[in-house]
Novice: 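Quick one: the structure is below, questions incoming.
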Amino acid sequence: MRILAIDYGQKRTGIAVTDPLQLIANGLTTVATKDLETFVTSYVQSEPVERIIVGHPRQMNGEDSENMRRITPFVNRLRKLLPTIPVELYDERFTSVLAHRAMLDSGIGRKARQNKALVDEISATIILQGWMEQLNRKS
């Protein structure tokens, strides 16, 4: 079964997913946030998903950021729509910075680095990779 990660944004949302063995996190797509619930419910009908990880936006002092007021209702709706799939929050501080750095390090051109949808997808992948690494450290 796969694990799905979501980097929730006001306009666009990045989505990443593991392979079925949960070894590798890969960017999946970016969707318009208004279509997110439809996309996720459709995806879990076509692919077995064990868990959904949603980026938890926090400020440097650990307090929730402004975007959390949109994420909490989304997470609550998702839990009602998909009651058999656990939905977890994972600290997403620095994911956008890490996404930009990953793009620079990979040699992606300047124009591509300005593609916010790509940044969101990479951020979702970083969230998922971080969650997987944290899980491995615990076990």
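Counting begins at 1 with the first residue of the sequence.
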Novice: Please round to the nearest 0.5 Å and tell me the distance separating atom CD of Q45 and atom OG of S42.
Specialist: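 Atom-to-atom, Q45:CD and S42:OG are 6.0 Å apart.
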
Novice: Identify the two heavy atoms, one from E92 and one from G55, that lie closest to each other, and give their separation to 0.1 Å.
Specialist: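 Looking at all heavy atoms of both residues, the closest pair is OE1-CA, 3.3 Å.
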
Novice: With respect to R79, which candidate in I52, V87, I85 satisfies the side-chain contact (heavy atoms from CB on, under 4.5 Å) definition?
Specialist: V87

Novice: State the CD-OG1 distance between E121 and T30, to the nearest 0.5 angstrom.
Specialist: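 Output value for this atom pair is 5.0 Å.
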
Novice: Working to the nearest 0.5 angstrom, can you tell me the gap between Q129 CD and Q134 CD?
Specialist: 12.5 Å

Novice: Counting N and O atoms only, with roles assigned by atom type, does the side chain of T41 sit under 3.5 Å from a partner on the main chain of T38, one being a donor and the other an acceptor?
Specialist: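 Yes; at least one donor-acceptor contact below 3.5 Å.
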
Novice: Report the residues that fulfil side-chain contact (heavy atoms from CB on, under 4.5 Å) with T33, sequence neighbours left out, ordered by chain and then residue number.
Specialist: Y8, T13

Novice: Could you check E47 against R2 for side-chain contact (heavy atoms from CB on, under 4.5 Å), going step by step and ending with a plain yes or no?
Specialist: CA-CA 8 Å; E47 293 286 338; R2 297 178 187 273; 3.0 Å; yes

Novice: Looking at D64 and M68, would you say the former's side chain and the latter's main chain have a donor-acceptor pair under 3.5 Å?
Specialist: no

Novice: Would you call E63 and R58 a salt bridge, using N to O less than 4.0 angstrom?
Specialist: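 Judged by the 4.0 Å cut-off on N to carboxylate O distance, E63 and R58 do not form a salt bridge.
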
Novice: Drop me the distance from T125's OG1 to D120's CG, to the nearest 0.5 angstrom.
Specialist: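 Going from OG1 on T125 over to CG on D120, the span is 10.5 Å.
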
Novice: Give the intermediate values and the outcome of side-chain contact (heavy atoms from CB on, under 4.5 Å) for residues Y43 and L4.
Specialist: CA-CA 10 Å; Y43 185 83; L4 188 76; 4.0 Å; yes

Novice: For the CE atom of M1 and the OG1 atom of T18, what is their distance to the nearest 0.5 Å?
Specialist: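 Answer rounded to 0.5 Å: 10.0 Å.
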
Novice: Which residue in the set I15, I6, L128 passes side-chain contact (heavy atoms from CB on, under 4.5 Å) when paired with L28?
Specialist: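 Only one option passes, and that is I15.
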
